[in-house]
Amino acid sequence: MLKYIRKYKSVLWFVLTFLGTYLLLSAAYNQYLKLETSAEYYPDYITHQVAVQSEWFINQLGYTASIEPHEEEPSMKLIINDQFLARVVEGCNAVSVIILFCAFVLAFFDGWKKSLVFLMVGTLAIYIINVIRIGLLAIAIYEFPEYSDFLHTIVFPLVIYGFVFLLWIYWIHQFSIKRK
């Protein structure tokens, strides 16, 4: 058994680092969600900010967008031209995707400075892409309501996960070049 542990040490290290980081960050985020209650930032601060920034982005594209708290569930209503189109829920704020991104990058750790800079830039980029994604999704549903299920379940998740995948490929490429 010890022979296999030595042989696959790097793989085990990657898996343990990834899982440990993912579980730790997920537990911290779940604790944040349990503690975060605010009438001003409903349903939680991060989700509220994503809704506000998505509203701003849609308005910049020439539509009239507004948000308001949902009366029946913890979410923000996203309204375009007085038409309620989407709910911005906690799962829309990209935090779980950012946690997954961070766990992967830290599993391929490449020194504190390089890793932390990439984590900060990547996290910001994912957040911005997510706000743009929500805005474009709402506009697409407004313009093409017959495709709303396809857009919401296939196209727009592909955007965020595809972007994270490209960041990972870039990180691995940078990581492997240094090691050679």
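When all heavy atoms of Trp168 and Leu100 are compared, the pair lying nearest together is CZ2-O, 3.8 Å. Nearest heavy-atom pair across His70 and Glu72 is ND1-N, 3.0 Å. In plain terms, the two heavy atoms of Tyr32 and Ile46 that are nearest each other are OH-N, 3.3 Å. Closest approach of Asn59 to Ala65, counting heavy atoms only: OD1-N, 2.6 Å. What you find for Glu90 and Thr47 is that their closest heavy atoms are CA-OG1, 3.4 Å. Contact detail for Phe109 and Trp112: the closest heavy-atom pair is CZ-N, 3.4 Å.
Transitive grouping of hydrophobic side chains (ILVMFWY, heavy atoms separated by less than 4.5 Å) brings Leu61 and Val52 into a common cluster. Following chains of ILVMFWY side-chain contacts shorter than 4.5 Å, one can reach Tyr22 starting from Val15, so the two form part of one hydrophobic cluster. Residues Val117 and Ile128 do not share a hydrophobic cluster, defined by chaining ILVMFWY side chains whose heavy atoms lie under 4.5 Å apart. Linking Ile, Leu, Val, Met, Phe, Trp and Tyr whenever their side-chain heavy atoms come within less than 4.5 Å puts Ile132 and Trp56 in one cluster. A continuous path of hydrophobic side-chain contacts links Val97 to Leu19 [ILVMFWY only; heavy atoms under 4.5 Å].
Side chains of Ile129 and Val164 form no contact here, defined as non-hydrogen atoms less than 4.5 Å apart. For the pair Trp171/Lys114, a side-chain contact is recorded, criterion being any heavy-atom separation below 4.5 Å from C-beta on. Side-chain contact check for Leu116 versus Leu119: some heavy-atom pair is nearer than 4.5 Å. Side-chain contact check for Tyr127 versus Thr123: every heavy-atom pair is 4.5 Å or farther apart. Two residues are said to be in side-chain contact when any heavy atoms from C-beta on lie closer than 4.5 Å; Val131 and Ser54 meet this criterion. Taking 4.5 Å as the limit, some side-chain heavy atom of Pro69 sits within range of a side-chain heavy atom of Met76.
Grouping Ile, Leu, Val, Met, Phe, Trp and Tyr residues whose side-chain heavy atoms lie under 4.5 Å apart, directly or via other members, places Phe84 in a hydrophobic cluster with Ile79.
For Phe14, the CZ atom sits in a packed shell: over 12 heavy atoms of surrounding residues, nucleotides or ligands are nearer than 6.0 Å. Dense packing is recorded around CG of Asn30, with more than 12 heavy atoms of other residues, nucleotides or ligands lying under 6.0 Å away.
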Run the numbers on Val159 and Leu137 for side-chain contact (heavy atoms from CB on, under 4.5 Å), then give the verdict.
CA-CA 11 Å; Val159 169; Leu137 175 61; over 6 Å; no
Step-by-step side-chain contact (heavy atoms from CB on, under 4.5 Å) determination, Asp110 to Phe118:
CA-CA 10 Å; Asp110 192 21; Phe118 190 73; over 6 Å; no
Would Phe163 and Arg133 satisfy side-chain contact (heavy atoms from CB on, under 4.5 Å), going step by step from the backbone distance to the final call?
CA-CA 11 Å; Phe163 182 72; Arg133 176 186 78 101; over 6 Å; no
Applying side-chain contact (heavy atoms from CB on, under 4.5 Å) to Ser26 and Leu23, what does each step give before you reach the verdict?
CA-CA 5 Å; Ser26 293; Leu23 292 173; 5.7 Å; no
Side-chain atoms of residues 138-157: list all donor-acceptor pairs with protein atoms under 3.5 Å, sequence neighbours left out, distances to 0.1 Å.
{"unit_1": "Tyr142", "atom_1": "OH", "unit_2": "Asn81", "atom_2": "ND2", "d": "3.0"}
{"unit_1": "Glu143", "atom_1": "OE2", "unit_2": "Tyr63", "atom_2": "OH", "d": "2.8"}
{"unit_1": "Ser148", "atom_1": "OG", "unit_2": "Pro145", "atom_2": "O", "d": "3.2"}
{"unit_1": "Thr153", "atom_1": "OG1", "unit_2": "Asp149", "atom_2": "O", "d": "2.6"}

Pairs under 3.5 angstrom only: tabulate donor-acceptor contacts from the side chains of residues 101-108 to other protein residues two or more places apart or in another chain.
none

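Taken to the nearest 0.5 Å, the CD atom of Gln174 stands 12.0 Å off from the OG atom of Ser115. Rounding to the nearest 0.5 angstrom, the gap separating the CG atom in Leu33 from the CG atom in Asn93 is 7.5 Å. Rounded to the nearest 0.5 angstrom, Ser75 OG and Ile67 CD1 are separated by 11.0 Å. Here the straight-line distance linking atom OG1 of Thr17 with atom CG of Leu12 works out to 10.0 Å at 0.5 Å rounding. Note that the CZ atom of Phe57 and the CD atom of Gln60 stand 9.0 Å from one another [nearest 0.5 Å]. With rounding to the nearest 0.5 Å, the separation of CD1 in Ile80 from OG1 in Thr64 is 9.5 Å.
A donor-acceptor contact shorter than 3.5 Å is absent between the side chain of Asn130 and the backbone of Ile126. At least one donor-acceptor pair closer than 3.5 Å links the side chain of His48 to the backbone N or O of Tyr42.
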